[in-house]
Structures are given as structure tokens and as C-alpha cells.
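Each chain gets a letter, A, B and so on, in the order the sequences are listed, and its residues count up from 1. This is a predicted model, so every value here is computed, not measured.
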Amino acid sequence: METRSKRRAPQEPSTSTTEKGPEHVASKVGAKRVKAAVAATDKKPSPAKKPKTKDLPTKDAPVSATETLNEDGSRTSVWLMKSEPDTFSIDDLIKSKDSTSHWDGVRNHEAKNLMKNSMKVGDQVLFYHSNTKEPGIVALAKIVRESYPDHTAFDPKSPYYDEKSLKEDPRWFMVDVQYVRKLRRILTLKELQQYKDKELCHMKLLNRGRLSVQPVSDAEMKFLMDLEEKEIDDSA
DNA sequence: GCCAACGTTGGC
DNA sequence: GCCAACGTTGGC
């Protein structure tokens, strides 16, 4: 989410096995932080310094003002969110209580900012399987809770631990996502790439592959939904 | 505040 | 497992 943010672990807090999947994911954050973690132990956040001024200007700014807008200037209400199925697949989401899970583990500011600043309850989510045999959009979900602190950042045992994220001043946020339906067929990355120079020329998935949470315009969403209905032509 | 070194993402 | 793209870090 970091952008990596690939992400995440399932909903239930303490299934031990669930905590280990995402190591590689977290490692991005991990390496450096680990050593700092020792020193940081419990020091109080210095009095009332401004929380994260330094974080704000660049890092907390929305991706870019226009990036989450549709062509007509309305806000984007569709998001593509990636998850590695080995870590958290669409079936894991379905199996979660109420088919709902928090989207923890995002450790990239741009992706985090989208969740924190732009996602609203009711927004649609395209659930994307990354780093797998057949990467692609597999399902629809929706946002059911707006951003709140990502608790995994506070847990030293979590692969997503970040000692710089304080409870009083959380650095990482997440949203809750609820399953809606699987697509009739997977819209594979390979298939989507065929439209890279056409209908999907602005789609972040195709030109900024590594961003793990991204806005999708209404026009792109419509195109994707139409594409879902088309028969697959294997001529690709 | 630049930029080289380094680490991660994620498709292939 | 490779490696290109790209984000982050830290020295200067």
C-alpha cells in the first residue's frame, strides 16, 4: 500500500494464524521501524505539539485535488482496493462476520489519505486480487464505515506495527468494507490492459499499478460493468 | 531540499 | 524468482 499497501488481515482480532500472513507486506514498514521501536518505547507524545504538522502538508493532502473527481467535477464514489488473496481474499471477506471487514494494513500515505479523506459510507468498491495467478477485479463491495484509526499500527506484534503511530495521534486509518457480490467473471488485469489506450486510459490500475487504493471514475465504472456483461473473447 | 541508495510492489 | 517501477529514507 504502501501503497503497499497491499494489505490486510481479516476481521477477527486474534486468530493467530491470521496475523501472520501479511509479513511481507508489513516488512516494508517494518525494517526501519523495528530498530526505532526500541527507543520509542513509551515516550509521551511531546506535550501538545502540533500533531503532525509535518505530515499534513504533503502527506495528508488528498492525492491531488482533481484525482478523485469525475469529469463533471462530482466526487468519485467508486474505489478499487487491492488485496492479495493469500492474505485476504474475497472469500475471506464473505466469511467475515456480516461479510464485513476493516481494511487494515495500508501503509502508504496516498492510499491512506484516500480512505481517510475521501471514502464515504455507501461508496462502491471494486475488490481486486493482486499478486496472484490471475490478477483482476473479482467482486463488488461497499464502504460501510468511514475512516478510523488502524489499530494494527499500535500492536507491536502485528506485522503492520508502526511505533510512530500513537493512539493519541494515529498515523494510519482504515475503513470497513462489506461484500456486495462477485462479478459474473473476473475482469483480469490482462483484459483491462487491452483498454489501456482507450476507455481505461486514465485508470490508475493501468498506469500507477502500485497504488493499492485508488479512485475509479464513474465513466470507468460504467465501462467495467458493461465489460462484465460481455462474453470473454479468448482471442486476447 | 536534492538525490542516491535502498526497499517494496506486483506483474510476469 | 526476476526485475521494472516507484516510494521512502537519510546524507549532504
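One side chain, D176(A) or Y148(A), offers a donor N or O that lies under 3.5 Å from an acceptor on the other. Checked by atom type, the side-chain pair S89(A)/D91(A) shows no donor-acceptor distance below 3.5 Å.
Within 4.0 Å of Q193(A), counting heavy atoms only, lie sugar-phosphate atoms of the nucleic acid but no base atom.
D162(A) has its CG atom 14 Å from the C1' atom of dT9(C), to the nearest Å. Spacing between atom OH of Y160(A) and atom P of dT8(B) amounts to 14 Å, rounded to whole angstrom units. We find that CD of E134(A) is positioned 11 Å from P of dC12(B), with the value rounded to whole Å. To the nearest angstrom, P of dG11(B) lies 6 Å from CG of L189(A). Rounded to whole Å, atom C1' of dG11(B) lies 13 Å from atom NZ of K196(A). Whole-Å rounding puts the L206(A) CG to dG11(B) C1' distance at 12 Å. In this structure, the NZ atom of K190(A) is 17 Å from the C1' atom of dG10(B), given to the nearest Å. In this entry the distance linking CG of L205(A) with P of dT9(B) reads 16 Å, nearest Å.
Formation of a donor-acceptor pair under 3.5 Å by the H129(A) side chain with backbone atoms of I90(A) is found in this model.
At dT9(B), none of the side-chain N or O atoms of Y128(A) fall inside 4.0 Å of OP1 or OP2 (strictly under the cut-off).
Salt bridge D226(A)/K230(A): absent, no basic N to carboxylate O contact under 4.0 Å.
Between F88(A) and F127(A), the ring planes lie tilted relative to each other; the angle falls in the 30° to 60° range.
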Close N/O contacts between protein and nucleotides 2-6 of chain C (under 3.5 Å):
{"from": "dA5(C)", "atom 1": "N3", "to": "R210(A)", "atom 2": "NH1", "distance (Å)": "2.7"}
{"from": "dC6(C)", "atom 1": "O4'", "to": "R210(A)", "atom 2": "NH1", "distance (Å)": "3.1"}
{"from": "dC6(C)", "atom 1": "O2", "to": "R210(A)", "atom 2": "NH1", "distance (Å)": "2.7"}

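Every residue two or more places apart in sequence or in another chain that forms a side chain to side chain contact (heavy atoms under 4.5 Å, CB included) with K196(A) is listed here: L206(A), N207(A).
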